[in-house]
There are 2 protein chains.
Amino acid sequence: MDLTDKQQEVLMFIRKKVREGLPPTIREIAAEFSFSSTGTVRDYLKALFRKGYILLNEKKSRAIELTEKAMLTIPILGSVPAGVPVLAVENVEDYFNVDKLFSQKEELFFLRVRGDSMIGAGIMPDDLVLVKKQPCAQSEDIVVCRIDDEVTVKILRNREGRLFLEPANKNYSIIPLNENSQIVGKVITAIRRYV
Amino acid sequence: MDLTDKQQEVLMFIRKKVREGLPPTIREIAAEFSFSSTGTVRDYLKALFRKGYILLNEKKSRAIELTEKAMLTIPILGSVPAGVPVLAVENVEDYFNVDKLFSQKEELFFLRVRGDSMIGAGIMPDDLVLVKKQPCAQSEDIVVCRIDDEVTVKILRNREGRLFLEPANKNYSIIPLNENSQIVGKVITAIRRYV
DNA sequence: ATTCATACCACACATCTGTGTGGTATGTCA
DNA sequence: TGACATACCACACAGATGTGTGGTATGAAT
């Protein structure tokens with residue numbers, strides 16, 4: 001039930017166009033592969049739909065939607081037992097869906113972390129944290145907040161009914177959430193890039 | 001030369017649709033704002049183009065392109081000075097280029113980190129490290145290696161001409177690089193996902 | 001031998017879509 | 001006062017676009 005080489009090529013073309021921001025029309029796909037009939041393209045689209053790689057929105061132009069299956073994925077290796085090559089299929093624990101993580105349906109931004117106040121949680125200076133903008137969060141969430149006109153990363157914690165912004169470093173102090181300390185968003189991912 | 005409230009609304013609608021993968025047609029925009037004429041929408045598109053927020057591709061359906069000014073990519077915020085809104089343009093330090101980081105030209109895989117041997121370098125248990133497969137690396141690189149049929153993350157370090165695999169945790173021992181310990185790849189990124 | 005998926009083609013057709021050409025009304029700035 | 005931007009409307013039209021209905025040929029599976 002996998003894709004043929006040709007179907008793979010067509011899917012790759014669609015993916016490229018979708019990532020560029022404008023899904024192709026049937027005739028643009030036909031032109032790319034020198035098909036002289038729109039019917040040929042429809043055969044491909046139907047095949048890709050049947051195999052679960054795309055969704056088709058009827059009567060709408062350029063309305064080809066990629067499913068998760070068709071998105072860019074990188075394998076995640078879990079435990080690697082003795083004697084087996086590292087990249088063997090058996091080691092694949094899951095797939096990391098890049099498009100899904102960075103899909104911009106929500107208001108996201110990165111914040112470069114200053115200082116070492118979250119070092120106990122493995123968030124180091126100069127790390128990037130991906131932040132979903134939202135005005136509130138739950139206890140134990142890692143949040144980006146503004147405290148007296150300074151933006152920092154902290155842990156939101158409920159202590160006997162009162163909310164506090166706590167660092168993960170004992171050299172810094174715990175601050176109550178009040179009118180001078182406001183939540184900007186929730187940290188959903190931390191990323192550190194090496195050279 | 002900034003946008004009016006109405007123009008801002010129209011741009012936000014276009015941005016939302018573009019992010020969802022399908023830019024709107026002129027008539028879809030008209031429907032959203034209950035305009036009874038396509039000409040009205042064109043006035044808005046012309047205004048947005050003139051002010052540098054969108055590009056219009058002639059004769060193509062749905063061909064509205066957002067410029068950088070309309071912020072298509074995810075911004076990286078650096079220092080946020082007092083009194084300025086967090087998401088203000090002045091705070092944008094750079095833009096995060098997803099395609100560059102995850103370009104699949106090289107053989108990449110993620111490894112889920114087991115254990116706390118790299119906790120001193122901010123790599124925690126269950127973190128994902130993005131690994132570029134390669135048989136050798138430079139001193140101080142963080143590498144994935146196979147030691148006696150076990151795969152772990154270590155720091156490669158040159159000590160007086162000899163190479164060692166060192167943990168970032170004093171509870172673990174330093175291991176010389178030899179025929180029983182082999183480099184699998186280099187860690188280029190560490191990612192931690194919160195719920 | 002028959003069914004099915006693949007891999008193409010030709011052509012017609014309704015409607016979607018961008019574009020063009022007009023119009024009215026309001027407010028701002030010089 | 002005149003020029004200009006904003007904020008709408010009406011309607012026509014060519015061409016873009018998805019869809020429908022046919023067709024041929026090849027190869028694998030039953």
Side-chain angles (χ1 to χ4, degrees), chain A residues 1-67 69-70, chain B residues 1-67 69-72:
Chain A
M1 200 53 175
D2 221 32
L3 295 180
T4 64
D5 287 355
K6 270 277 180 180
Q7 288 171 354
Q8 186 77 22
E9 276 182 58
V10 173
L11 179 61
M12 283 307 136
F13 176 70
I14 294 170
R15 241 197 57 162
K16 183 181 152 216
K17 290 299 175 181
V18 168
R19 299 197 87 184
E20 286 172 11
L22 194 63
T25 65
I26 287 176
R27 282 170 181 83
E28 282 168 5
I29 299 171
E32 172 72 16
F33 295 97
S34 301
F35 296 145
S36 64
S37 171
T38 57
T40 302
V41 177
R42 269 218 323 204
D43 288 347
Y44 277 103
L45 296 185
K46 278 182 180 171
L48 290 174
F49 171 74
R50 194 161 31 77
K51 293 179 177 180
Y53 288 87
I54 62 172
L55 296 177
L56 296 169
N57 221 317
E58 279 185 10
K59 302 267 185 187
K60 275 188 180 175
S61 64
R62 304 182 186 273
I64 303 173
E65 230 177 298
L66 296 179
T67 64
K69 205 173 172 183
Chain B
M1 199 56 177
D2 221 31
L3 296 181
T4 64
D5 288 356
K6 271 275 182 180
Q7 289 170 353
Q8 187 76 22
E9 276 183 58
V10 173
L11 179 61
M12 284 305 138
F13 176 70
I14 294 170
R15 246 188 61 167
K16 183 181 154 217
K17 290 298 176 181
V18 169
R19 285 181 168 184
E20 286 172 12
L22 194 64
T25 64
I26 286 177
R27 281 170 182 84
E28 281 167 5
I29 298 172
E32 172 72 16
F33 295 96
S34 301
F35 296 145
S36 65
S37 170
T38 56
T40 303
V41 177
R42 268 216 325 203
D43 287 348
Y44 278 102
L45 295 186
K46 277 181 181 173
L48 291 174
F49 170 74
R50 195 163 30 79
K51 294 181 177 180
Y53 288 86
I54 61 172
L55 296 178
L56 296 169
N57 220 319
E58 282 186 6
K59 303 266 185 187
K60 275 189 179 175
S61 65
R62 303 181 186 276
I64 304 173
E65 232 177 296
L66 297 177
T67 62
K69 205 172 173 185
M71 281 210 268
L72 185 66

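Residue numbers begin at 1 in each chain, while the letters A, B, ... track the order of the sequences.
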Please report the distance, rounded to the nearest Å, between [atom1] in [X] and [atom2] in [N].
{"X": "A/Leu11", "N": "C/dT6", "atom1": "CG", "atom2": "P", "result": "14 Å"}
{"X": "B/Lys60", "N": "C/dT19", "atom1": "NZ", "atom2": "C1'", "result": "17 Å"}
{"X": "A/Leu48", "N": "C/dA7", "atom1": "CG", "atom2": "C1'", "result": "13 Å"}
{"X": "A/Lys17", "N": "D/dT17", "atom1": "NZ", "atom2": "P", "result": "13 Å"}
{"X": "A/Asp2", "N": "D/dA28", "atom1": "CG", "atom2": "P", "result": "18 Å"}
{"X": "B/Asp5", "N": "D/dC8", "atom1": "CG", "atom2": "P", "result": "12 Å"}
{"X": "B/Leu3", "N": "D/dA5", "atom1": "CG", "atom2": "P", "result": "16 Å"}
{"X": "A/Asp43", "N": "D/dT26", "atom1": "CG", "atom2": "P", "result": "17 Å"}

Just do the side chain to side chain contact (heavy atoms under 4.5 Å, CB included) check on B/Lys60 and A/Arg62 with the steps written out, would you? CA-CA 10 Å; B/Lys60 275 189 179 175; A/Arg62 304 182 186 273; 3.8 Å; yes
Contact under 4.0 Å: [X] side-chain N or O vs [N] OP1/OP2:
{"X": "B/Lys46", "N": "D/dT6", "value": "no"}
{"X": "B/Arg50", "N": "D/dT6", "value": "yes"}
{"X": "B/Arg27", "N": "C/dC16", "value": "no"}
{"X": "A/Tyr44", "N": "C/dT6", "value": "no"}
{"X": "A/Ser61", "N": "C/dT17", "value": "yes"}
{"X": "A/Lys51", "N": "C/dT6", "value": "yes"}
{"X": "B/Ser36", "N": "D/dA10", "value": "yes"}
{"X": "A/Gln7", "N": "C/dA5", "value": "no"}

Closest to the [X] side chain: [options]?
{"X": "B/Ala47", "options": "C/dA7, D/dT6, C/dC11", "value": "D/dT6"}
{"X": "A/Thr25", "options": "D/dC8, C/dT19, D/dT17", "value": "D/dT17"}
{"X": "B/Glu58", "options": "D/dT6, C/dT17, C/dT19", "value": "C/dT19"}

I want to confirm an ordering. Mapping B/Ser34 and B/Lys59 to their closest nucleotides on DNA chain D, which one lands closer to the 5' end?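 Nearest-nucleotide comparison on DNA chain D picks B/Ser34.
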Any donor-acceptor pair, under 3.5 Å, between the side chain of A/Thr38 and the base of D/dT19, if you only look at N and O atoms?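 Checked by distance alone, the answer is yes.
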For a quick check of understanding: with a heavy-atom distance under 4.0 Å over all strands, which category does [X] fall into, base, sugar-phosphate or nothing?
{"X": "A/Thr40", "answer": "base"}
{"X": "A/Arg42", "answer": "base"}
{"X": "B/Thr4", "answer": "sugar-phosphate"}

Would one find more than 12 heavy atoms of other residues, nucleotides or ligands at under 6.0 Å from atom CZ of B/Phe49? no
B/Glu28 vs B/Lys17, side chain to side chain contact (heavy atoms under 4.5 Å, CB included): CA-CA, chis, key distance, verdict: CA-CA 10 Å; B/Glu28 281 167 5; B/Lys17 290 298 176 181; 6.0 Å; no
Candidates A/Val18, A/Ile14, A/Leu66 - the one meeting side chain to side chain contact (heavy atoms under 4.5 Å, CB included) with A/Pro23: A/Val18
B/Phe13 and B/Phe33 aromatic ring geometry - parallel, tilted or perpendicular at 30°/60° bounds: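 The rings of B/Phe33 and B/Phe13 stand perpendicular, inter-plane angle above 60°.
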Could you check A/Ile64 against A/Leu48 for side chain to side chain contact (heavy atoms under 4.5 Å, CB included), going step by step and ending with a plain yes or no? CA-CA 11 Å; A/Ile64 303 173; A/Leu48 290 174; over 6 Å; no
